[in-house]
2 protein chains.
Amino acid sequence: MIAVLFGRYPLSPLRSGSVRLVIARCEVRYTGRLTATLPEALRLLVFKSDGSVMVHADTGGYKPENWMTPPTAIEERGDPLERIVVRKLRSDDRLDIAISEVLSDVSHALGDARELEKQGVETELQEALSEATGWLEPGLRLVRREWPTGIGPVDLMCRDSDDGWVAVEIKRMATIEAVEQLSRYLELLRETPDLAACRGIVAAQTVKPQARALAVARGLDCVEIDLDVIRALREPDLTLF
Amino acid sequence: MIAVLFGRYPLSPLRSGSVRLVIARCEVRYTGRLTATLPEALRLLVFKSDGSVMVHADTGGYKPENWMTPPTAIEERGDPLERIVVRKLRSDDRLDIAISEVLSDVSHALGDARELEKQGVETELQEALSEATGWLEPGLRLVRREWPTGIGPVDLMCRDSDDGWVAVEIKRMATIEAVEQLSRYLELLRETPDLAACRGIVAAQTVKPQARALAVARGLDCVEIDLDVIRALREPDLTLF
DNA sequence: CACTGAATGTCGTAT
DNA sequence: ATACGACGTTCAGTG
């Protein structure tokens with residue numbers, strides 16, 4: 001492999017732990033899974049040390065107008081900067097940045113950042129419901145969380161007041177996909193004689209209308225759950241009123 | 001409404017058409033659909049004039065570690081900067097940025113950027129195919145695009161050379177999910193007597209092997225399409241050779 | 001405003 | 001590598 005050495009920088013222009021911010025008048029073209037062209041304008045270019053490249057306008061929120069995720073190889077040409085080509089390794093994707101004017105070009109060392117900690121809602125929903133299955137249906141009791149099947153675990157496996165089996169799929173928001181997922185599980189579960197009559201319940205904070213329609217067509221029940229109410233059920237010392 | 005005026009800036013700190021880039025040692029906390037906390041570290045903060053806020057590390061690619069999409073209200077406190085609170089309007093989402101050190105704080109006017117042009121998205125495939133259904137199968141003719149069903153529209157509804165109905169699902173890349181989607185449509189369509197024998201075709205630029213296998217097992221056809229070839233069909237003055 | 005489906009989705013994980 | 005599910009998905013289009 002021959003090192004790529006155009007312009008001022010070698011293949012990886014950034015030392016570990018830094019970002020490079022370029023304000024430049026440029027035209028950008030992405031070719032790969034599709035072709036996306038940005039006409040010439042002043043834009044913000046962000047180069048991260050992991051090889052990420054982002055092209056941002058001053059609007060458009062969250063999403064870059066164009067970008068490339070790692071791993072990448074970055075070539076630069078010209079001094080002053082005229083052109084940057086970002087290639088995605090092991091792929092034909094590429095980002096061509098034609099630069100006509102550089103207003104600013106600075107790098108900042110950032111160092112290593114410890115990791116982001118997330119406390120999700122979905123897990124909490126499952127934990128809460130597993131201790132309050134009666135809220136889904138009177139008399140429903142938990143047999144096991146994460147009941148294994150050949151194609152993935154059922155969130156909750158329960159038995160109803162008549163001892164009939166009930167599989168529960170939990171989502172924050174239930175879409176058609178949630179109904180499909182539960183349908184697949186049931187299809188498999190019902191091959192087991194004991195579970196031939198297993199019912200299904202989709203439990204979610206919100207159930208999309210089309211998901212509900214499909215669930216009904218498939219003979220599945222839908223239950224909308226209120227996390228606050230369930231939390232209250234779990235903590236009897238906290239009353240709702 | 002009382003204007004929010006902490007620190008140096010009023011509610012919307014940026015004039016139209018600019019970005020503000022801050023390199024700062026900070027701790028960030030998002031609360032909303034979940035709670036996500038970033039421990040103190042040097043980070044890049046990007047404020048766009050549309051109200052977007054992004055918190056980036058030097059790694060992690062494409063995605064900000066934390067962010068807020070418009071519409072937002074931004075409060076700043078302290079000089080030097082100590083704290084930034086970003087609130088999402090009409091929502092309880094908020095981003096708290098506690099700043100211990102500012103290494104850089106610059107704004108750049110970017111002006112208005114003309115829009116991004118994309119080629120090769122699914123819509124384009126659908127447009128092209130709708131005028132060249134014969135390419136999918138000899139004699140196939142379009143009856144209607146976006147044929148409505150209770151669970152969403154069928155991309156193309158056609159009739160074949162024997163006047164039999166054919167539902168077509170179009171994807172850029174067909175995965176198992178595309179096959180599932182078409183299966184759902186057919187399940188519903190076939191409840192209508194006239195459509196009881198409706199066939200299905202998955203049309204995509206690329207069809208994943210497992211998607212093809214599932215399609216075959218379900219009695220659906222798969223066709224890989226070449227957008228360039230179809231374009232050529234639509235524009236007879238352009239020949240392929 | 002709510003709902004739906006596409007996306008260069010991205011990102012992690014299990015197979 | 002591929003498939004699959006989750007994501008603070010985001011985003012655009014439509015009723």
Side-chain angles (χ1 to χ4, degrees), chain A residues 28-37 52-55 60-70 86 88 90-95 116 118-123 125-126 150-153 155 169-173 175-178 180-181 184 206-213, chain B residues 29-37 52 54-55 60-70 88 90-95 115-116 118-126 146 148-155 169-181 184-185 205-206 208-211 213-214:
Chain A
V28 185
R29 169 176 287 239
Y30 162 77
T31 51
R33 279 169 282 188
L34 56 67
T35 300
T37 307
S52 317
V53 179
M54 288 168 286
V55 181
Y62 185 82
K63 275 193 79 166
E65 296 191 300
N66 263 329
W67 71 92
M68 192 74 79
T69 49
V86 184
K88 178 116 184 182
R90 296 178 291 281
S91 157
D92 288 327
D93 288 23
R94 78 185 251 155
L95 200 58
L116 176 67
K118 287 185 181 181
Q119 293 173 343
V121 170
E122 172 132 4
T123 318
L125 265 182
Q126 195 184 119
I151 53 172
D155 287 336
E169 175 64 33
I170 300 171
K171 286 275 183 291
R172 204 168 48 73
M173 184 178 308
T175 63
I176 283 177
E177 190 47 42
E180 290 285 13
Q181 198 175 340
R184 284 197 298 272
T206 57
V207 178
K208 294 282 181 180
Q210 294 198 4
R212 186 180 294 277
Chain B
R29 170 176 285 241
Y30 162 79
T31 51
R33 277 170 282 188
L34 57 67
T35 300
T37 307
S52 318
M54 288 169 286
V55 181
Y62 183 83
K63 277 191 79 168
E65 295 190 299
N66 261 330
W67 71 93
M68 192 73 80
T69 49
K88 178 114 183 185
R90 294 178 291 282
S91 158
D92 288 327
D93 289 21
R94 81 186 249 154
L95 201 57
E115 229 169 68
L116 176 68
K118 292 185 181 184
Q119 295 173 354
V121 293
E122 184 180 310
T123 314
E124 195 178 345
L125 274 181
Q126 191 183 121
E146 304 285 345
T149 78
I151 53 170
V154 176
D155 287 338
E169 177 63 35
I170 300 171
K171 284 276 182 288
R172 221 165 36 71
M173 182 181 309
T175 62
I176 285 176
E177 181 47 35
V179 179
E180 292 283 13
Q181 195 176 343
R184 282 197 300 273
Y185 290 148
Q205 283 183 300
T206 57
K208 293 280 182 183
Q210 295 196 11
L214 183 61

Asks: If you assign each of A/R90 and B/I176 to its closest nucleotide in DNA chain D, which residue comes earlier from the 5' end?
Replies: A/R90
Asks: Of all heavy-atom pairs between B/P70 and A/G61, which one has the smallest distance, and what is that distance?
Replies: CD-CA, 4.3 Å
Asks: Nearest whole Å is fine: how far is C/dC3 P from B/E146 CD?
Replies: 20 Å
Asks: Whole angstroms only, please: what is the NZ-P distance between B/K171 and C/dG5?
Replies: 9 Å
Asks: Can you tell me, in whole Å, how much space there is between the P of D/dC4 and that of D/dG8?
Replies: 22 Å
Asks: Let me know the distance between CD of B/Q181 and P of C/dA7, rounded to the nearest Å.
Replies: 11 Å
Asks: Between D/dA3 atom P and B/L214 atom CG, what is the distance in whole Å?
Replies: 11 Å
Asks: Which is true for A/G32 with a 4.0 Å heavy-atom rule: it touches a base, it touches only sugar-phosphate, or it touches nothing?
Replies: nothing
Asks: Can you check the A/M173 CE to C/dC3 C1' distance for me, whole Å?
Replies: 10 Å
Asks: Mind calculating the distance between CG (B/D93) and C1' (D/dT10) to the nearest angstrom?
Replies: 14 Å
Asks: Could you list the residues that satisfy side-chain contact (heavy atoms from CB on, under 4.5 Å) with A/T31, not counting sequence neighbours?
Replies: A/R29, A/T35, A/R94
Asks: Between atom OH in B/Y185 and atom P in C/dT4, what is the gap in whole Å?
Replies: 11 Å
Asks: With A/T69, which residues qualify under side-chain contact (heavy atoms from CB on, under 4.5 Å), at least two apart?
Replies: A/W67, A/K88, B/Y62
Asks: Look at all strands and tell whether A/Q210 reaches a base, only sugar-phosphate, or nothing, counting heavy atoms closer than 4.0 Å.
Replies: sugar-phosphate
Asks: How do B/Y30 and B/P209 order along DNA chain D: which one's closest nucleotide is nearer the 5' end?
Replies: B/P209
Asks: Would you mind building the protein contact string for nucleotides 10-15 of chain C? One character per nucleotide, 5' to 3', B for base within reach (heavy atoms under 4.0 Å), S for sugar-phosphate only, - for untouched.
Replies: SS----
Asks: Who pairs with A/E177 by salt bridge (Lys or Arg N to Asp or Glu O under 4.0 Å), at least two apart in sequence or on another chain?
Replies: A/R184
Asks: In Å, rounded to the nearest 0.5 Å, how long is the span from NZ of B/K118 to CD of A/E65?
Replies: 10.0 Å
Asks: NA contact type, A/M68, heavy-atom cut-off 4.0 Å: base, sugar-phosphate, or nothing?
Replies: nothing
Asks: For D/dG5 and C/dT8, measure between their P atoms and round to the nearest Å.
Replies: 22 Å
Asks: By side chain to side chain donor-acceptor pair (under 3.5 Å), which residues pair with B/K208, not counting sequence neighbours?
Replies: none
Asks: Under the side-chain contact (heavy atoms from CB on, under 4.5 Å) rule, collect the residues that match up with A/P209, sequence neighbours excluded.
Replies: none
Asks: Provide the closest heavy-atom pair for A/V207 versus A/R212 in the form atom of the first, atom of the second, distance.
Replies: CB-NH2, 3.8 Å
Asks: Less than 4.0 angstrom between a side-chain N/O of B/Q126 and OP1 or OP2 of C/dA6, yes or no?
Replies: no
Asks: Whole-Å distance between C/dA6 P and B/I170 CD1?
Replies: 11 Å
Asks: Reckon A/K208 touches a base, only the sugar-phosphate, or nothing at all at heavy-atom distances under 4.0 Å?
Replies: base
Asks: Could you say whether A/L95 or B/G152 is positioned toward the 5' end of DNA chain C, judged by the nucleotide with the nearest heavy atom to each?
Replies: B/G152
Asks: What's the gap between C/dA7 and D/dC7 when it is taken at their P atoms, as a whole Å value?
Replies: 22 Å
